[in-house]
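Sequence lines set the chain letters: A, B, ... in the order given, protein chains first and strands last, and positions in each chain run from 1.
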Amino acid sequence: MSVALKTKSGAAPAAAKRPLAASPGTFLIWGSMAVFLLLLLGVVSSVVVNSFAKEWFDTWLPAGYTPAWYADAWKEYDLGQVIGTTLTVSVAVVGISVLIGAPASYVLARRNFPGKSIMMLVFLLPIMMPPITYGIPLATLLTYYHLAPGLTGVILANLVPSIPFVILTMTPFIEQINPSIESAARMCGANMLRLFTRILAPLLVPGILAAAVLVLVRTVGMFELTFLTSDSTSDTLVVALFTAMTGAGIRAQQSVDAMAVVYMLMMMVLLVVALRFVNPTQLVSQVREDTD
Amino acid sequence: MTITGQRPGRAKQETANRPALSHRLAERGIDKLLLLLLPALLFALVLFVYPFVYGLGLSFQPKTGGLFGAYVKFFTDPSVRGLDSIWVTLQLALPAALLNVLVSVPIAYKMRGKFRGKRALTTVLVIPITLGTVLTAEGLLNFFGQRGWLNRFLGLLGFEPLQLVQNYWGVLWSLIISGFPFAFLLILSYLSGIDPSLEAAARTLGADWKQRFRRITLPLLAPGLAITFCLTFVLAFSVFPSAILVGDPSGSTRVIAYVAYNAWGQQFDYPLASAAAIVMGAVELIVIVLVLIWRSRMYKGSTGGKG
C-alpha cells in the first residue's frame, strides 16, 4: 500500500529507496495489528457462536444452532426490566449532567478568576481516580442516607464522573465560539437567559450532542459505580451481566453469552452514533486543550 | 471616638475615588456569571469531596486498633493481603498501560496520513470499547480456554495446551483489549496534531526516519504520551470485574479494587474498605505524579541539549 501511495504522490527519485528500507518495519506493524485483530475476532466470535450453540463441548464448532438462548436470557434475567433501568439511568444521567455541566463549562471557558485552578482540580479528580476509590465512600454515604441501593443512588453515583466529563468535553466547543457574537447579542439587549437559549444553545448543539453521547456510552458501560449502588431491581445491563456470570450457576453459559451479545450490539449502536458526532480529531483538540 | 469619626470619612473618600466593589471584583473576573458554576460545584462538593472526606474520616475510625488500625490491618493482616494486592495491581496495570501506549505509537504513526479505508480501520480498532468486560471475559474464556479455538489450533501444530486464562495472563489480555482502543485514539489524535511540515523540513535537511522520530516527533509527542499513559494506567489500575471473571481473585490476581470491595460488600468493614480505597487512590496518584515529573524532566532535557 505504501508503494502505491509513494508513486501517486510523485516522490523524488531518492524516495524510491525508502519503501525497501521501511518495509520490514511496516510489515511488522501491520502484521502485529493483523494478529491482534485476528485474536479479537476469535474472542468475539466465540461468544457469538456460543450464544447460538445447542451444545458445544470438545469440538471446533457446536453440534447445532438455536436462537432459543436469547429468549431464554430475556426471560430468565428479566432483560426487559434491566434494559429499562439502563435507559432510565443513562437518560437521567445525561440530562442532569448536561444541564449542570454546560453552564459551568461556559464559565470555565470564558472567564479567569481566582481559584479557577483549584476548581478545575476538583472537576478533574473524579475522572483521574479509579471509580472504586471514590465509589466506596460514596456508596457508604448514600447507604447511610438511604439513597442506595436503588435507582436514586445509581443515578447520583454515575453523575460524579459524568458532570466533569461534560465540562471537559464542552469547554473546547465553547472556546471555538467567537465571543463577539455574544457581545453583539448583549448590545441588542439580550439578557443571560436569552443569550443562552437563542445564541449559545444553537451554536453549541454539536458540543452538547458530543458530550451527551459520550456520557451515554460511559454510563451504559460504567460497571463499578453502578455495582456499588444498585440492588437487584436497579441493576443496569453491565451489572446484570456480571452477576449472571459470577452468580452460583446452574444457568447455561449460552444465555449469559446471548445477553453479552445484546449488550455489545447496544454499545455498538451507541458508538457508531458517537463517532458521527465526535471524530477522533475533535477528541484530539479537546484533550490537548483541557490538559494545557 | 475620634477613630470612629474618621472611618466613615475615609470610606466615603475611597468610594469616591475607586469604582464600586462589584466593579472591582468584576475586574478580577468575579461577577454574577460565576453563579452558573454553582450547581456543578455544589454537586462536586456534595457527591465527591464530602464522601471522600467522610471516607477518609471513616478510615481513621476502625472498631479496633486505634487511629491507624484500618491501615495497619490493610497492610499487615494476612487475610487482607493489602500490600500484596498493591503489587499485583501494579504488575497488571503498568505493563498493560505501557504496552498499549508503545504499540499505539507505530500504528498511529502509520495511520496518520490519509489513505483509503482509514475510517473503517479506525472503527475496527475502536470496536473493543463496545465489548464490555463481561463479553471480553466470556470471549477470553471461550477462545483461550483449555478447549478453546487457540489451544485447539496449537494442538494441531503439536503444542501442549497453554494455560492462558484464570490467571495473570487472562486479566492482562482483557486489560489490553479494553485499553488499546483508548490509547490508540488518544495517540492518533496527538500525532495528527503535529504539523507534518516540521518533519518535511527535517527530511529536506537530510534526516532519516529515525532521526526525524527521535528529534522531532518524539519530543512533540512527549506530553501526549505522558497523558495517554496516565489515562490508560488509570483504566488498568481500577481493574476489578475482569480480575474476578478471567483471573484468580483469591490468588494471583487479587487486585486492590477487589480487596476494597471485599471489605465493603462481603465483610461490611467500612473503615477497612475506606482505608483500602484511600490507599488505592494514593498509589495511583503517586504513579501519575512520577510520570508527569519524568515527562517534564525529559522535555527539559531535550531542549537543554539543543541549547
Problem set entry | Considering all heavy atoms, the nearest B/S274-A/I136 contact | N-CG2, 4.4 Å
Exercise. Rounded to the nearest 0.5 Å, how far does OH of A/Y144 lie from OH of B/Y54?
Worked result: 6.5 Å
Problem set entry | ring-ring contact (aromatic ring centres under 6.0 Å, His included) partner of A/F36, the single match among B/F184, B/F180, B/W173 | B/F180
Exercise. Hey, which of B/G55, B/G148, B/A40 has the most heavy atom pairs under 4.5 Å with chain A?
Worked result: B/A40
Exercise. Which pairs pass salt bridge (charged side-chain N to carboxylate O under 4.0 Å, His left out) with one or both residues in residues 126-140 of chain A, sequence neighbours excluded?
Worked result: none
Problem set entry | Any side-chain heavy-atom pair of A/M129 and B/S238 under 4.5 Å | no
Exercise. Passes side-chain contact (heavy atoms from CB on, under 4.5 Å), A/L39 versus B/F143? Steps please.
Worked result: CA-CA 9 Å; A/L39 290 179; B/F143 183 75; 3.7 Å; yes
Exercise. Quick one: what part of B/Y109 sits under 4.5 Å from any heavy atom of chain A, side chain, backbone, both or neither?
Worked result: neither
Exercise. Which bit of B/I244 comes within less than 4.5 Å of chain A, counting heavy atoms only: side chain, backbone, both or neither?
Worked result: side chain
Problem set entry | Approximate separation, where rounding is to 0.5 Å, of A/M245 CE and B/T133 OG1 | 9.5 Å
Problem set entry | Closest contact, heavy atoms only, A/F123 versus B/A44 | CE2-CB, 3.9 Å
For this session: Please indicate whether A/I118 has more than 12 foreign heavy atoms, meaning atoms of other residues, nucleotides or ligands, lying under 6.0 Å from its CD1.
Result: no
Seminar exercise, completed: When the 4.5 angstrom heavy-atom criterion is applied to B/I256 and chain A, the contacting part is neither
Exercise. Is it the backbone or the side chain of A/L271 that comes under 4.5 Å from a heavy atom of chain B, or both, or neither?
Worked result: side chain
For this session: Could you check B/W149 against A/S45 for side-chain contact (heavy atoms from CB on, under 4.5 Å), going step by step and ending with a plain yes or no?
Result: CA-CA 11 Å; B/W149 282 336; A/S45 48; 3.7 Å; yes
Exercise. Tell me, do B/L37 and A/M119 make a side-chain contact under 4.5 Å, heavy atoms counted?
Worked result: yes
For this session: Evaluate the side-chain proximity of B/L33 to A/Y106: yes if any heavy-atom separation is below 4.5 Å, no if none is.
Result: yes
Exercise. Stepwise, does the side-chain contact (heavy atoms from CB on, under 4.5 Å) test hold for B/F52 with A/T133?
Worked result: CA-CA 9 Å; B/F52 214 90; A/T133 309; 4.2 Å; yes
Seminar exercise, completed: Heavy atoms of B/V234 and A/P130 approach each other most closely as CG1-N, 4.3 Å
For this session: Would you indicate whether the side-chain heavy atoms of A/F242 and B/L245 approach each other to under 4.5 Å?
Result: yes
Exercise. How long is the span from the CD1 atom in A/I100 to the CG atom in B/L41, to the nearest 0.5 Å?
Worked result: 11.5 Å
For this session: Please report the shortest heavy-atom distance between A/P137 and B/A277, naming the atom on each side.
Result: CD-CB, 4.4 Å
For this session: Would you give the length of the straight line joining atom CZ of A/R111 to atom CG of B/L36, rounded to the nearest 0.5 angstrom?
Result: 9.5 Å
For this session: Show your working on side-chain contact (heavy atoms from CB on, under 4.5 Å) between B/V134 and A/Y263 and close with a plain yes or no.
Result: CA-CA 9 Å; B/V134 173; A/Y263 173 83; over 6 Å; no
Exercise. Do B/L47 and A/Y134 have side-chain heavy atoms sitting under 4.5 Å apart?
Worked result: no
Exercise. Can you tell which of B/F237, B/F144, B/Y50 has the highest number of heavy-atom pairs within less than 4.5 Å of chain A?
Worked result: B/Y50
For this session: Using non-hydrogen atoms and a 4.5 Å limit, figure out which bit of A/L40 sits close to chain B: side chain, backbone, both or neither.
Result: side chain
Problem set entry | Any B/Y261 side-chain heavy atom under 4.5 Å of A/L228 side chain | yes
Exercise. Which pair of non-hydrogen atoms, one from A/S46 and one from B/G139, has the smallest distance, and what is that distance?
Worked result: OG-O, 3.5 Å
Exercise. Quick one: what part of B/L35 sits under 4.5 Å from any heavy atom of chain A, side chain, backbone, both or neither?
Worked result: neither
For this session: Quick one: pull up CG in B/L135 and CE in A/M267 and give me the separation to the nearest 0.5 Å.
Result: 11.0 Å
Seminar exercise, completed: Applying a strict 4.5 Å limit to non-hydrogen atoms, the region of B/L58 in contact with chain A is side chain
Exercise. Picking from B/G265, B/A263, B/P241, which has the most non-hydrogen pairs under 4.5 angstrom with chain A?
Worked result: B/P241
For this session: Name the option with the most non-hydrogen atom pairs under 4.5 Å to chain B; the candidates are A/I132, A/L141, A/V47.
Result: A/L141
For this session: Would you indicate whether the side-chain heavy atoms of B/F153 and A/W60 approach each other to under 4.5 Å?
Result: yes
For this session: Locate the shortest heavy-atom distance separating A/V43 from B/T136; write the atom from each residue and the value.
Result: CG1-O, 4.1 Å
Problem set entry | Under 4.5 Å from any heavy atom of chain B - which part of A/A139 | both
Exercise. Is it the backbone or the side chain of A/V49 that comes under 4.5 Å from a heavy atom of chain B, or both, or neither?
Worked result: side chain
Problem set entry | Contact origin within B/E138 toward chain A - heavy atom pairs under 4.5 Å | both
Seminar exercise, completed: The interface call for B/L56 against chain A, heavy-atom contacts under 4.5 Å, is neither
Exercise. What residue, out of A/L156, A/V261, A/V44, A/L237, has the most heavy-atom pairs lying under 4.5 Å from chain B?
Worked result: A/L156
For this session: Identify which part of B/L285 has an atom lying under 4.5 Å from any heavy atom of chain A, answering side chain, backbone, both or neither.
Result: side chain
Exercise. Is there side-chain contact between A/D257 and B/N142, with heavy atoms separated by less than 4.5 Å?
Worked result: yes
For this session: Examine whether an atom of A/L37 lies under 4.5 Å from a heavy atom of chain B, and if so say whether it belongs to the side chain, the backbone or both; otherwise answer neither.
Result: side chain
Problem set entry | Residue A/I167 versus chain B: region with a heavy atom under 4.5 Å | side chain
